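What you are looking at is a predicted structure, and each value in this text was computed from that prediction instead of being measured. Start at 1 with the first residue, then count along the sequence.
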Amino acid sequence: MNSSEKPLVRAGRWLLSLVLAVFGLCMVGGGIWLIALGGNWYYAIAGLLSFGSAMGLARRRPSASLWFGALFLLTLAWTVWEAGSRYWAWVPRFALVLVLAIGFSLLLPTLHARMTRRRAGAVTGVLVAAFLVATGLAFVPQGVTEAENVPAVAGNAFEAATGAGTDSALPSADWPAYGGNQAAMRYSLASQITPANVKNLAVAWTAEVGEVPSDSRWGVQNTPLKIGDSLYVCGYLNTVTALDAATGKAKWSFDPGVTSKAVPYTPACRSLAYFAEPATDTATAGATCATRIIVGTLDARIIELDARDGKRCDSFGSNGEVKLTEGMGEVYQGYVAITSAPAVVRDTLIVGHTTIDGQRAYGPSGVTKAYDVRTGKLKWAWDAATPMDTAPRVGEDVYKRGSPDVWTSFTGDNKLGLVYLPVANASGDYYSSERTPEELKYSPSLTALDVETGQPRWTFQNTHADVWDNDPGSPPTLFDYPQADGTRIPAVIFPTKSGDVYVLNRETGKPLFPVEERPVPQGGFEPAARSKTQPFSLFNSLAKGDMTPEKTWGLTPLDQLACRIQYHQADYRGQYTPPSVDKPIINYPGYNGGSDWGGVALDPARGLIIANYNDMPNYTRLVSRAEADKLGWKAPQIINDPGYKAHGEGAGDPQEGLPVAVDVNAGWQMKFTGMLCKEPPYGGIRAIDVRDGRTVWDRPLGTARKNGPFGLPTGLPIVIGTPNNGGSVVTRSGLVFIAAATDDLIRAIDITSGETVWSAPLPAGGQAMPMVYEAGGREYVVITATGHHFMHTPRGNFVVAYALPQ
């Protein structure tokens, strides 16, 4: 070695020695722990090599290079063997060691007498070049399935024939329903904006609707309605505002008087409903409330407004409103809320609601009610606990408490006279033994009801005896299959949180593609209650296979090691591993996996389903009643109490009335860094051929622009595939518009390639579905930007419209 050493070099040597020693000790300690759990030996061995290198470096011994060289080569070989070509799998395994190698190379001349600075510089140059190449690869999207055999435009072959209602046709100038039309295709015939000119899209106007929430829960998730020259928007606490569709200027506003105490998990008002008297009815044409805007409120009222001026329709209920909670008995504040749009099928108004999960197992009922859309008279009430008894009931507490609700959006069919309900679980999501046989049959499921009687026509269950919170969040999408003989099969797409996409005959509920009952893991807290099999769709699944120790992740080997230890501490035997009080389980996909309330879009001309999805696990543990009581887990009287901070659903939920509480780490996040324990990407968007379920293309969705460790945004346009909530809309010209991701961007994707061809920053989080319409000969893309507390995106009250320059 060189006899002399400059002070700066000495300081660098001691600093690197300290880093290697601390790193090595942590790796040895954690590695031994992992070995004891039956895990990989690499971490302990790498820790010993790192510590040996640190000791040699501290003593300025040439042997330090041998120790570090062994660490470097072992890490490289192990990474190649375990990570293969998965770019993001290399990051925690090799990135830190590569950085340490660069630092070590700078010290080679002080360790080896024959090592000249030129030769050491060459080593440093090679390592720096490798680091720069690796960094550059981060900007190349990973996990991409390139587009192949994209179907061509062929009329509107897959359009759903749902009758002659005002919202039955494919929309162009208007957007009269949450999903664009009754079939919820989320498709527009508008074609002014194309893949060729979308780069010129710019903000046409911005409006602010309602207040910006100041408490710990925000996320309105609203998709407006557009009828004629008006845009109807629902804001925070259900403030309804009519805007000029071309300018964004307010025409009228209605405040229903909802207070923040009514806010449940999220103050969502996903959309409004619209009803128009038939144009042939000359007696009502132009009369008061001939056209109605219908809002379901967070305090469980249904209010009808005259679409022209926003005044209450006095003919509906009492003073223009009815109360959904009649007959439900005791209702706590925030426990019953209408967060998704009601549906109008023929002249029946069907209304579901969210019943807050995880608090009281026997809280208010999840009953779905149907009213005469003109008068507000109760026509029927469907409760999954007593599914055949649909006649209106009178009394104080006439529906079973804690029965399954229908919290998300649902779809109707005027022609068949059916409404399709995605039925959720009973209030105790993680315990099934006390559910009635009827609840076990109808939840979670897609259930079709006769809109005249409320009687079930059919039900299709997506999870048997569910204890994983697999309640369906996606509104079903309707379409028709053309047959060779000219007939058409009425069909419905049923996406789920588990990732399975089912396609059913919407008249009979029979699967149009095979559904396989596969054996699943047994045991858990209620072994006798577990189903031996679960249904798996052979059409298409958004799930990515089993979670393995190799798919655990972190920014460094240390946080990956921590996740790997947690993996081996948990019970995981594949999808549907039963929850237990003995140890946590890995629930993959978790309740924010697969397809959530954003649902899917369908291009009826190309026959393509566009499905954005999440790919995230949950880390879940059942907690004994004694332990929950000791921890002080109690159901609050007011969900949105200022002293009760919002958190991920299931995180310390008491499930009062059941033998167990539950603690869910949603997304399986590391408490210190906030990073997820699963390897990216965490979300994506896929095109599926509706003819056969073939994946046409698949790409990660969302960048690291507003994401990073410790909640700090990186500002980098790295396509990492972020969590996303909110759906897409497709246009005739071949564009998919979507926000949803946590990078606060709205983007346009070319449907033929899956590539993003335009994007723009939003003033707040875009956890909502965009819409497309025409006004004054100009095509607009509109989205509400209000953010979401669970997604950690900034709050706001914005409505933003984009259009091509005039």
Side-chain angles (χ1 to χ4, degrees), residues 215-217 260-267 329-337 354-366 401-405 407 424-435 466-471 524-526 529 566 569-571 577-587 590-592 617-672 674 677 789-790 792:
D215 53 29
S216 61
R217 287 174 168 83
S260 63
K261 289 183 178 181
V263 173
Y265 173 68
T266 302
E330 186 174 10
V331 176
Y332 317 98
Q333 289 185 307
Y335 277 72
V336 174
T354 183
T355 305
I356 201 71
D357 283 339
Q359 301 302 320
R360 291 175 168 86
Y362 296 101
S365 169
R401 297 189 68 78
S403 61
D405 61 5
W407 61 265
N425 281 325
S427 295
D429 282 313
Y430 298 89
Y431 185 81
S432 65
S433 291
E434 294 188 13
R435 296 174 192 164
D466 180 23
V467 286
W468 303 272
D469 198 9
N470 272 348
D471 52 319
F525 186 69
E526 318 162 78
Q566 289 184 23
Q569 288 176 321
D571 180 17
T577 298
S580 169
V581 294
D582 299 325
K583 58 171 59 178
I585 67 162
I586 296 169
N587 180 20
Y591 66 58
N592 201 31
N618 285 350
Y619 199 77
T620 302
R621 182 175 71 94
L622 295 182
V623 178
S624 70
R625 180 55 52 204
E627 183 182 350
D629 290 344
K630 186 177 180 180
L631 292 169
W633 293 358
K634 299 293 182 183
Q637 291 294 109
I638 304 173
I639 290 296
N640 199 32
D641 191 304
Y644 192 73
K645 187 178 179 181
H647 52 69
E649 188 175 320
D653 279 357
Q655 294 196 136
E656 286 186 8
L658 296 178
V660 286
V662 67
D663 196 17
V664 179
N665 180 346
W668 190 8
Q669 302 175 65
M670 288 290 291
K671 291 183 179 179
F672 180 62
C677 272
H789 69 88
F790 178 69
H792 305 293

Just to verify, what does [X] make a side chain to side chain donor-acceptor pair (under 3.5 Å) with, not counting sequence neighbours?
X: Glu649; answer: none
X: Trp468; answer: none
X: Asn470; answer: Thr463

Residues in salt bridge (Lys or Arg N to Asp or Glu O under 4.0 Å) contact with Asp429, at least two apart in sequence or another chain: none

The single option from Ile356, Ile639, Asn640 passing side chain to side chain contact (heavy atoms under 4.5 Å, CB included) against Tyr265: Ile356

Of Val664, Val660, Asp663, the residue whose pairing with Tyr430 passes side chain to side chain contact (heavy atoms under 4.5 Å, CB included): Val664

Looking at [X] and [Y], would you say the former's side chain and the latter's main chain have a donor-acceptor pair under 3.5 Å?
X: Arg217; Y: Phe790; answer: no
X: Asp405; Y: Thr355; answer: yes
X: Gln333; Y: Ala262; answer: no
X: Asp469; Y: Tyr591; answer: no

Applying side chain to side chain contact (heavy atoms under 4.5 Å, CB included) to Pro578 and not counting sequence neighbours gives Pro521, Arg530, Arg573

For [X] and [Y], work out which heavy atoms get closest and say how close.
X: Ser580; Y: Ile585; result: N-CG2, 4.3 Å
X: Arg401; Y: Pro364; result: NH2-N, 3.6 Å
X: Pro404; Y: Ala424; result: CB-O, 3.1 Å
X: Pro654; Y: Ala635; result: CG-N, 3.7 Å
X: Ala361; Y: Leu658; result: CB-CG, 3.4 Å
X: Pro659; Y: Glu434; result: CD-OE2, 4.3 Å

Roughly how far, to the nearest 0.5 Å, is [atom2] of [Y] from [atom1] of [X]?
X: Gln669; Y: Tyr619; atom1: CD; atom2: OH; value: 14.5 Å
X: Glu330; Y: Tyr332; atom1: CD; atom2: OH; value: 3.5 Å
X: Ile638; Y: Ser260; atom1: CD1; atom2: OG; value: 9.0 Å
X: Asn665; Y: Gln566; atom1: CG; atom2: CD; value: 7.5 Å

Do [X] and [Y] have side chains that approach each other closer than 4.5 Å (heavy atoms only, starting at C-beta)?
X: Ile586; Y: Thr577; value: no
X: Asp466; Y: Ser432; value: no
X: Ser624; Y: Phe525; value: no
X: Pro636; Y: Gln359; value: yes
X: Glu656; Y: Tyr362; value: no

Is it the case that Trp407 and Asp357 place a side-chain donor and acceptor less than 3.5 Å from each other? no

So, Asn425 and Asp471: side-chain donor and acceptor under 3.5 Å apart, yes or no? no

What salt bridge (Lys or Arg N to Asp or Glu O under 4.0 Å) pairs are there with at least one residue in residues 617-629, not counting sequence neighbours? Arg621-Glu627, Asp629-Lys634

Verdict with supporting geometry, Ser216 and His789, side-chain contact (heavy atoms from CB on, under 4.5 Å): CA-CA 7 Å; Ser216 61; His789 69 88; over 6 Å; no

What do the steps show when you test Gln655 against Trp633 for side-chain hydrogen bond (donor to acceptor under 3.5 Å, both in side chains), and what is the final call? CA-CA 9 Å; Gln655 294 196 136; Trp633 293 358; over 6 Å; no

